[in-house]
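Nothing here was measured: the structure is a model prediction, and the numbers come from that model. In this chain, numbering begins with 1 at the start of the sequence shown.
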Amino acid sequence: MSRSPFVFSCDNKRYHTLNYYNRTRFGHKIYKAVIDCGLTCPNIDGSKGFGGCIFCDGGSGYFTHPYADISGQLILERERICKKYGDRAKFVAYFQANTNTYAPIDTLRQYYKAALAFPNVCGISIGTRGDCLSNETIDLLSEINSETALTVELGMQTCHDPTIKLINRCCTHDEFLEGFYKLKSAGIRTCLHIINGLPYETEEMMIQTAYELARLAPEAVKIQMLHVIKGTELEKWYSEGRFRLLDRDKYIAIVVKQLELLPPQTVIERITGDGDKQKLIAPDWTRDKIAVLGGIDKRLAELDTWQGKLYK
């Protein structure tokens with residue numbers, strides 16, 4: 001494999017990995033300790049809809065320990081991380097499940113401060129939606145941002161409103177943009193999530209979503225393949241043959257094209273997903289994460305391309 005010309009790399013990768021970002025910012029590898037606050041979402045509790053997104057399984061928090069308080073969850077996560085990586089391991093407290101700004105401000109402050117006070121925590125990451133960022137919430141996030149390394153993760157998923165409606169997101173792209181721009185104006189690091197392979201989306205539509213990401217130029221992006229998880233509405237659609245999933249080669253080809261369009265400074269925090277293997281229905285090829293990552297690296301090298309090569 002030829003030497004990568006990509007400058008934001010310490011390991012011959014051709015895209016801006018989270019490992020590179022953490023090592024250059026913190027000086028060492030950083031891990032994620034996942035937290036479930038027991039919060040819900042506007043498209044679950046009826047304020048905007050019911051049932052959640054069609055692919056959602058309990059707020060995507062299956063790595064968490066939802067029956068403990070914040071400190072209790074972090075104790076369990078610290079045990080997990082330190083057992084594998086050593087007692088000196090540092091980690092980011094990741095508020096992952098459901099919408100983690102969807103609660104009264106005093107409640108949110110209590111949650112975030114509890115995580116900040118925990119030993120080994122060197123930052124906080126908060127998963128939420130663009131339509132759950134009131135001005136008061138932005139003020140709180142700005143306060144947290146002044147005290148630690150904060151990232152707010154927003155589920156963009158796609159830039160196409162027909163798909164957004166189809167998946168029961170109940171948050172239009174314009175509503176997402178309103179929240180994103182609030183975070184940007186406040187100087188808060190933002191990570192945007194997209195999903196490749198959403199029902200009825202063409203390759204061209206997925207590339208258009210990448211163009212929109214490039215226009216927004218967030219600090220970070222997470223790219224994931226659509227997972228069909230047992231017990232979700234999407235499983236029912238899949239069993240009825242209502243849509244087709246991407247195969248691995250097609251997913252890799254699309255990701256490579258998306259990377260070419262994204263700013264080289266944008267950190268790619270995830271380039272494939274970790275579905276719950278106990279509940280994963282399809283696609284089966286996503287179980288082999290190493291093969292997907294290796295396939296992306298190989299394709300980038302074969303084409304002698306890299307993240308940002310076509311960025312304008």
Side-chain angles (χ1 to χ4, degrees), residues 14-15 43 52-56 60 129-130 154-177 180 191-218 221-229 232-263 266 268-273 275 280-286 289 291-293 295-300 302-303 305-312:
R14 290 172 176 256
Y15 58 93
N43 63 339
C53 296
I54 62 171
F55 49 75
C56 185
S60 301
R129 295 160 52 108
L154 290 183
M156 176 178 163
Q157 319 309 10
T158 177
C159 68
H160 302 285
D161 276 321
T163 305
I164 291 169
K165 183 177 180 180
L166 181 73
I167 64 176
N168 197 42
R169 183 73 180 157
C170 301
C171 175
T172 67
H173 189 58
D174 282 345
E175 289 176 304
F176 157 82
L177 289 174
F180 171 77
C191 178
L192 305 185
H193 295 208
I194 65 167
I195 299 176
N196 288 330
L198 289 167
Y200 314 126
E201 285 213 343
T202 63
E203 177 178 344
E204 290 72 24
M205 293 172 73
M206 296 174 226
I207 299 303
Q208 286 170 5
T209 292
Y211 272 114
E212 177 69 342
L213 283 177
R215 182 183 73 84
L216 297 175
V221 166
K222 286 185 176 180
I223 304 173
Q224 179 172 321
M225 173 60 195
L226 179 67
H227 289 139
V228 179
I229 302 297
T232 62
E233 180 67 16
L234 190 67
E235 181 196 10
K236 179 181 177 183
W237 289 24
Y238 182 71
S239 66
E240 293 172 351
R242 293 173 60 178
F243 70 100
R244 296 181 63 184
L245 292 165
L246 300 175
D247 63 31
R248 186 172 68 185
D249 288 344
K250 190 65 173 178
Y251 177 79
I252 289 171
I254 290 170
V255 168
V256 167
K257 291 178 181 179
Q258 291 173 325
L259 289 174
E260 289 180 316
L261 299 173
L262 298 181
T266 294
I268 309 302
E269 292 205 3
R270 181 175 65 206
I271 205 165
T272 184
L280 180 67
I281 301 297
D284 199 57
W285 57 262
T286 61
K289 186 175 180 179
V292 179
L293 295 173
I296 292 169
D297 289 340
K298 181 180 178 182
R299 187 62 176 159
L300 287 166
E302 287 173 346
L303 296 175
T305 191
W306 53 86
Q307 180 183 338
K309 187 176 184 180
L310 302 180
Y311 174 66
K312 297 180 181 178

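For L245, the side chain to side chain contact (heavy atoms under 4.5 Å, CB included) test picks out M225, L226, V228, Y238, F243, A282, P283, with sequence neighbours left out. Here T172 pairs with E175 under the side chain to side chain donor-acceptor pair (under 3.5 Å) rule; sequence neighbours left out. Residues satisfying the ring pair (Phe, Tyr, Trp, His ring centres under 6.0 Å) criterion with H160, sequence neighbours excluded, are absent altogether. With sequence neighbours excluded, the residues satisfying side chain to side chain donor-acceptor pair (under 3.5 Å) with Q258 are N196. Residues forming a side chain to side chain contact (heavy atoms under 4.5 Å, CB included) with E204 (at least two apart in sequence, or on another chain): T202. Residues passing the salt bridge (charged side-chain N to carboxylate O under 4.0 Å, His left out) test with R270: none are found, sequence neighbours excluded. Looking at residues two or more places apart in sequence or on another chain, you find a salt bridge (charged side-chain N to carboxylate O under 4.0 Å, His left out) between R129 and D131. By the salt bridge (charged side-chain N to carboxylate O under 4.0 Å, His left out) test, K165 pairs with no residue at all, sequence neighbours left out. Annotation: side chain to side chain donor-acceptor pair (under 3.5 Å) contacts of T163 (sequence neighbours excluded): E201. By the side chain to side chain donor-acceptor pair (under 3.5 Å) test, E260 pairs with T305, sequence neighbours left out. Scanning for salt bridge (charged side-chain N to carboxylate O under 4.0 Å, His left out) contacts around D174 gives an empty result, with sequence neighbours left out.
Side chains of V221 and Y15 form no contact here, defined as non-hydrogen atoms less than 4.5 Å apart. Using a 4.5 Å heavy-atom threshold, the side chains of F180 and P218 count as touching. In this structure the side chain of H193 reaches within 4.5 angstrom of the side chain of Q157, judged on heavy atoms. Inter-residue side-chain proximity for L192 and F176 is flagged as met; some heavy-atom pair is nearer than 4.5 Å. Residues H227 and L280 form a side-chain contact, since some pair of their non-hydrogen atoms from C-beta on lies under 4.5 Å apart. Side-chain atoms of I229 and L234, non-hydrogen and from C-beta on, never get closer than 4.5 Å to each other. Taking the side chain as every heavy atom from C-beta outward, R242 and P199 never approach each other to under 4.5 Å.
Atom CG of L259 and atom CH2 of W306 lie 13.0 Å apart (nearest 0.5 Å). Once rounded to the nearest 0.5 Å, the distance linking CD1 of I271 with CD of Q307 reads 8.0 Å. Between the CD1 atom of I54 and the NZ atom of K236 there is a distance of 11.5 Å, given to the nearest 0.5 Å.
Closest of all the heavy-atom pairs between G130 and L154 is N-CD2, 3.8 Å. Across L262 and Y311, no two heavy atoms sit closer than the pair O-CB, 3.8 Å. Shortest non-hydrogen contact noted between A214 and P263 is CA-CD, 3.9 Å. Scanning all heavy atoms of the two residues, the minimum distance from M156 to T209 falls at CE-CG2, 3.9 Å. When all heavy atoms are compared, the tightest approach of G52 to N168 is O-ND2, 2.9 Å. Q224 and G273 get closest at one heavy-atom pair: CG-CA, 3.9 Å.
Screening I195, V255, L246 for a side chain to side chain contact (heavy atoms under 4.5 Å, CB included) with M206, the sole residue that qualifies is L246. The only member of I223, I252, T272, I268 that meets side chain to side chain contact (heavy atoms under 4.5 Å, CB included) when paired with I296 is I252. Each of E212, R215, M205 was compared with C159 under the side chain to side chain contact (heavy atoms under 4.5 Å, CB included) criterion, and only E212 meets it.
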In sequence, state the C-alpha distance, the side-chain angles, and the governing distance for I164 and C171, and then conclude on side chain to side chain contact (heavy atoms under 4.5 Å, CB included). CA-CA 7 Å; I164 291 169; C171 175; 5.5 Å; no
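In this structure, Y200 places its OH atom where more than 12 heavy-atom neighbours from other residues, nucleotides or ligands lie under 6.0 Å away.
Side chain of E233 to backbone of F55: no donor-acceptor contact under 3.5 angstrom is found. Here the side chain of T232 pairs no donor or acceptor atom with the backbone of C56 at under 3.5 angstrom.
Each side chain to side chain donor-acceptor pair (under 3.5 Å) pair with one or both residues in residues 244-257, not counting sequence neighbours, appears once here: E203-K250, E203-K257.
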